[in-house]
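Remember, it's a predicted structure, so these values are computed and weren't measured experimentally. Proteins come first, then strands; the chains are lettered A, B, ... in the order of their sequence lines, and each starts at number 1.
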Number of protein chains: 2
Amino acid sequence: MTQKKQKVKEQFHLFLTKKRLKATLQRNLILDAFVDLDRPTHMDELYLILRSKHSHIGHATVYRALRLFAAAGIAREFSLGDGLTRYELAGHGKRHDYLVCSDCGTVTEFDNSSIEERQLAVARSMGFTVEALKIELRGVCSRCLTQSG
Amino acid sequence: MTQKKQKVKEQFHLFLTKKRLKATLQRNLILDAFVDLDRPTHMDELYLILRSKHSHIGHATVYRALRLFAAAGIAREFSLGDGLTRYELAGHGKRHDYLVCSDCGTVTEFDNSSIEERQLAVARSMGFTVEALKIELRGVCSRCLTQSG
DNA sequence: AATACAATGACATCCACTTTCATTGAAGAC
DNA sequence: GTCTTCAATGAAAGTGGATGTCATTGTATT
């Protein structure tokens with residue numbers, strides 16, 4: 001188990017204890033799958049991964065677990081406009097720069113700090129107090145480009 | 001009627017003629033309301049505006065009209081992750097920079113052309129072929145800040 | 001005016017997500 | 001270790017935004 005995973009699991013169990021909630025088998029399995037995947041995902045993807053190994057997990061439980069992870073500060077909830085609620089491991093800072101492949105649908109993150117500084121400056125000059133910033137690029141990732149070409 | 005509105009209506013009727021579709025009373029009313037509002041909106045907002053004056057419009061018709069506007073190139077469809085499909089007048093270029101007020105929910109656009117080139121350069125350096133770019137800032141707009149302070 | 005067929009709107013359906021509720025199971029009490 | 005409490009689970013029902021269905025209405029061409 002990686003150090004990062006260890007830390008996330010500790011954080012989650014601390015949260016459960018604090019709120020007098022229970023550490024169930026399902027929650028552990030879902031958290032493992034979520035951390036192991038290590039990229040932004042959504043309920044259905046996790047559900048399929050989990051069902052392939054453990055057939056006794058309901059989809060409502062996966063939904064509830066993901067919301068719980070968000071409440072625990074382990075995950076961040078976001079959306080890309082395709083109707084699915086997505087989750088990513090928190091702790092990447094406040095940055096939310098996504099590359100969404102319009103071919104395979106995979107979401108990857110990238111770092112764009114120099115540009116964000118200027119974005120924020122423009123917004124502030126309009127009297128807007130910025131709380132969150134999201135940059136979303138849609139296109140074709142290098143893997144899909146190679147395969148189709 | 002503004003020049004812009006005139007132009008949009010002409011474009012729409014050209015589209016209808018080309019596709020052998022019909023210019024109905026409802027479509028005209030919906031287009032008028034959409035252009036007059038002059039900011040990004042969604043079905044329900046338009047529906048309420050329209051119903052307050054013309055009780056003979058069904059919500060399915062508003063949905064269909066908005067999709068038609070998008071097909072005609074008059075409107076652009078987008079989402080902000082709140083489950084609503086939003087539409088804005090097209091023709092602002094390919095840029096989609098939104099300021100979303102977390103207090104009043106109003107969406108305003110801002111122009112950020114100097115930054116686009118750098119965004120694209122970063123993505124391309126990762127082997128990503130960019131098709132669309134969306135920047136979304138959440139925060140409190142100057143009007144809400146003044147009212148609450 | 002007559003004809004053809006797109007558009008409308010009430011209603012049903014879809015889909016992602018949430019809630020309900022009877023049952024199961026985790027964790028503290030003893 | 002057993003008991004007790006009450007949160008968690010999962011199957012099924014419910015929500016809400018968006019879309020499909022279909023009989024009827026309305027537009028535009030003949």
Side-chain angles (χ1 to χ4, degrees), chain A residues 9 12-34 40-48 50-51 53-72 75 77-87 105 107, chain B residues 9 12-34 40-51 53-72 75-87 105 107:
Chain A
K9 296 193 80 164
F12 184 54
H13 284 98
L14 198 71
F15 174 83
L16 292 178
T17 307
K18 226 173 188 169
K19 296 268 186 180
R20 304 198 185 282
L21 303 177
K22 289 170 185 172
T24 63
L25 175 65
Q26 287 89 336
R27 286 177 177 171
N28 279 318
L29 289 173
I30 296 167
L31 183 55
D32 281 348
F34 179 56
T41 187
H42 51 89
M43 192 290 291
D44 198 53
E45 187 173 39
L46 272 185
Y47 181 70
L48 289 176
L50 287 159
R51 285 297 280 227
K53 293 173 189 167
H54 321 276
S55 57
H56 43 65
I57 287 186
H59 75 163
T61 302
V62 181
Y63 276 119
R64 285 187 280 229
L66 286 171
R67 276 194 299 167
L68 195 64
F69 298 164
E77 189 181 312
F78 68 103
S79 167
L80 293 173
D82 56 1
L84 302 180
T85 304
R86 289 168 191 275
Y87 293 85
V107 180
Chain B
K9 297 194 79 164
F12 183 53
H13 284 98
L14 199 70
F15 173 84
L16 292 178
T17 307
K18 227 174 189 171
K19 295 267 186 180
R20 304 198 185 282
L21 303 176
K22 288 169 184 173
T24 64
L25 176 64
Q26 287 89 335
R27 286 176 176 171
N28 280 318
L29 290 173
I30 297 167
L31 183 54
D32 281 348
F34 179 56
T41 187
H42 51 88
M43 192 290 291
D44 198 53
E45 188 174 39
L46 272 184
Y47 180 70
L48 288 176
I49 291 171
L50 288 160
R51 286 294 281 227
K53 293 173 189 167
H54 321 277
S55 57
H56 311 289
I57 287 187
H59 73 166
T61 302
V62 181
Y63 277 119
R64 286 187 281 231
L66 286 170
R67 276 195 298 168
L68 196 65
F69 298 164
R76 202 186 72 81
E77 188 181 313
F78 68 103
S79 166
L80 293 174
D82 57 1
L84 303 179
T85 304
R86 290 168 190 275
Y87 292 85
V107 180

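For Thr85(B), there are no side-chain hydrogen bond (donor to acceptor under 3.5 Å, both in side chains) partners, not counting sequence neighbours. Listed by chain and number, the residues in a salt bridge (Lys or Arg N to Asp or Glu O under 4.0 Å) with Arg86(B) are Asp82(B) (sequence neighbours excluded). Every residue two or more places apart in sequence or in another chain that forms a ring-ring contact (aromatic ring centres under 6.0 Å, His included) with His59(A) is listed here: Tyr63(A). Remark: Lys19(B) pairs with Phe15(B), Leu21(B) by the side chain to side chain contact (heavy atoms under 4.5 Å, CB included) rule, at least two apart or across chains. Remark: Thr61(B) pairs with no residue by the side-chain hydrogen bond (donor to acceptor under 3.5 Å, both in side chains) rule, at least two apart or across chains. Listed by chain and residue number, nothing satisfies the side-chain hydrogen bond (donor to acceptor under 3.5 Å, both in side chains) test with Arg27(A) (two or more places apart in sequence, or in another chain). Remark: His56(A) pairs with no residue by the side-chain hydrogen bond (donor to acceptor under 3.5 Å, both in side chains) rule, at least two apart or across chains. Not a single salt bridge (Lys or Arg N to Asp or Glu O under 4.0 Å) links Asp44(A) to another residue, sequence neighbours left out. Checked against ring-ring contact (aromatic ring centres under 6.0 Å, His included), Tyr87(A) has no partners two or more places apart in sequence or in another chain.
Within the helix from dA1(C)-dT30(D) to dC30(C)-dG1(D), the inter-axis angle between the opening and closing five-pair segments is 30°, rounded to 10°.
Running 5' to 3' along DNA chain C, contacts with non-hydrogen atoms of chain A at under 4.0 Å begin and end at dA16(C) to dA27(C).
Rounding to the nearest 0.5 angstrom, the gap separating the OG1 atom in Thr24(A) from the CD1 atom in Ile30(A) is 7.0 Å.
Each of Met43(A) and Ala23(A) was matched to the nucleotide of DNA chain C holding its nearest heavy atom; the match closer to the 5' end belongs to Met43(A).
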### Task
Would you give a per-nucleotide map of nucleotides 2-15 of chain D, 5' to 3', where B means the base has a protein non-hydrogen atom under 4.0 Å away, S means only the sugar-phosphate does, and - means neither?
----BSSBB-----
